[in-house]
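Input: a single structure, listed below in structure tokens.
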Amino acid sequence: MTHTVARRIVVLGSPGSGKSTFSHALAAGTGLPLTHLDDAYWRPGWRRPSTPEWERTVERLTAGPCWIIDGNFAGTVRQRVERADAVILLDRHPWLCAAALVRRSLRLRCDRLRGRQPRDYLPAGLAADDPPVRSLTALVRKAAGFRGRELLGMRPALAACAAPVLRCRSRRSAERLVRHLSARARPLPAAPVGSRPVFVCTCAQRRHHGRPVPIRPACRPAIPDRTRRGAPEHG
């Protein structure tokens with residue numbers, strides 16, 4: 001468990017591991033601005049940016065003094081973790097992640113059929129029927145192979161980064177970590193006028209038709225959890 005005040009936090013994990021939900025709770029508890037990389041990456045019509053353009057975007061996102069950045073995108077992991085105060089890896093069992101993806105897909109389809117705003121996180125540039133969201137088979141395959149492919153590719157960057165890598169294998173350990181980091185949060189310095197990040201999370205406003213929603217207070221201190229410094233191992 002980190003004993004420093006973390007103001008630049010990278011959140012990694014398999015599809016279906018709860019990255020978006022965790023990141024929302026962490027942003028609410030710490031007051032740090034949250035960016036989902038999917039919001040910054042996908043363009044309408046599920047178009048992708050070029051590699052140089054994407055690297056420039058990540059450079060801009062990580063240049064600030066305070067942030068939570070949620071998302072994998074293995075090609076820019078090193079770029080992000082080198083500037084982080086803490087790296088959080090949500091490493092739930094692959095089949096739990098796959099089951100969560102199935103439930104999420106059913107909720108998104110139900111919401112679409114009923115003509116209502118999605119209850120789950122949906123990238124700003126995508127619709128529920130776009131292939132990157134709709135292709136449940138591809139998402140489940142990605143979750144099932146996350147440890148053997150994406151995580152394996154991330155390990156050199158995680159091993160080399162100076163920030164502590166905090167690994168959560170369950171929802172309970174993730175909740176404890178949110179409480180711990182929220183309890184250690186400090187008031188953020190006032191941001192210059194007009195400096196709001198371009199891709200800061202607007203999930204709550206989108207779900208509530210543009211109306212602001214209240215942010216819950218910081219959580220209570222955590223019960224210490226088993227974490228370790230350095231790169232995570234396969235479980």
Side-chain angles (χ1 to χ4, degrees), residues 1-2 4 6-24 26-27 32 34-42 48-64 67-98 100-101 121 123 132 138-171 173-174 177-178 181 199 201 225-235:
M1 190 74 70
T2 179
T4 61
R7 289 190 167 177
R8 296 181 300 275
I9 302 173
V10 170
V11 180
L12 306 169
S14 167
S17 62
K19 292 192 303 297
S20 299
T21 300
F22 174 89
S23 298
H24 286 141
L26 187 59
L32 295 170
L34 166 63
T35 294
H36 301 293
L37 285 182
D38 278 331
D39 285 348
Y41 185 81
W42 292 105
R48 305 166 187 261
S50 66
T51 298
E53 181 185 0
W54 178 234
E55 289 175 350
R56 288 193 298 270
T57 297
V58 174
E59 182 75 18
R60 189 165 76 253
L61 290 172
T62 57
W67 41 260
I68 299 168
I69 297 181
D70 151 39
N72 294 322
F73 292 91
T76 59
V77 165
R78 185 178 298 274
Q79 194 176 355
R80 282 172 275 140
V81 301
E82 285 178 349
R83 297 191 178 179
D85 298 323
V87 179
I88 297 165
L89 173 65
L90 303 183
D91 188 23
R92 301 185 71 209
H93 192 281
W95 295 119
L96 292 177
C97 294
L101 286 170
Y121 165 68
L139 286 170
V140 169
R141 188 182 301 120
K142 193 171 183 179
F146 175 78
R147 289 177 176 173
R149 289 195 298 268
E150 279 192 88
L151 183 54
L152 191 63
M154 295 176 188
R155 288 189 68 180
L158 296 179
C161 77
V165 178
L166 309 173
R167 186 179 187 176
C168 299
R169 291 182 176 272
S170 67
R171 292 189 187 278
S173 64
L177 183 55
V178 168
L181 293 174
F199 299 108
C201 173
D225 185 26
R226 291 183 180 178
T227 54
R228 72 183 195 90
R229 187 181 180 88
E233 298 178 350
H234 296 291

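Both backbone and side-chain heavy atoms feed into the values below; hydrogens, waters and symmetry mates do not.
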Pairwise side-chain contact, [X] with [Y], heavy-atom cut-off 4.5 Å (strictly under):
| X | Y | result |
| --- | --- | --- |
| L32 | L26 | no |
| T62 | T76 | no |
| P49 | R56 | no |
| L158 | L12 | yes |
| K19 | N72 | yes |
| R167 | V165 | no |
| I68 | F22 | no |

For [X] and [Y], which heavy atoms make the closest approach, and how far apart are they?
| X | Y | value |
| --- | --- | --- |
| V77 | M154 | CG2-CG, 4.0 Å |
| W54 | L37 | CH2-O, 3.7 Å |
| V81 | A157 | CG2-O, 3.9 Å |
| R92 | L96 | NH2-CD1, 3.8 Å |
| P156 | L152 | CD-O, 3.7 Å |
| D85 | P164 | O-CD, 3.2 Å |

To the nearest 0.5 angstrom, please state how far the [atom1] atom of [X] sits from the [atom2] atom of [Y].
| X | Y | atom1 | atom2 | value |
| --- | --- | --- | --- | --- |
| L177 | I88 | CG | CD1 | 4.5 Å |
| Y121 | S23 | OH | OG | 10.0 Å |
| W67 | R80 | CH2 | CZ | 8.5 Å |
| L90 | S20 | CG | OG | 10.0 Å |

E59 with R83: basic N within carboxylate O range, under 4.0 Å: yes

Any donor-acceptor pair under 3.5 Å from S173 side chain to S170 backbone: yes

Sidechain-backbone polar pair: S14 side chain, S17 backbone, donor-acceptor under 3.5 Å: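 Not confirmed, S14 side chain does not pair with S17 backbone.
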
Any residue meeting side chain to side chain contact (heavy atoms under 4.5 Å, CB included) with T51, in chain and number order, not counting sequence neighbours: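 Per chain and number, T51 pairs via side chain to side chain contact (heavy atoms under 4.5 Å, CB included) with E55.
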
Mutual orientation of the aromatic rings belonging to H24 and H36 [parallel < 30°, tilted 30-60°, perpendicular > 60°]: perpendicular

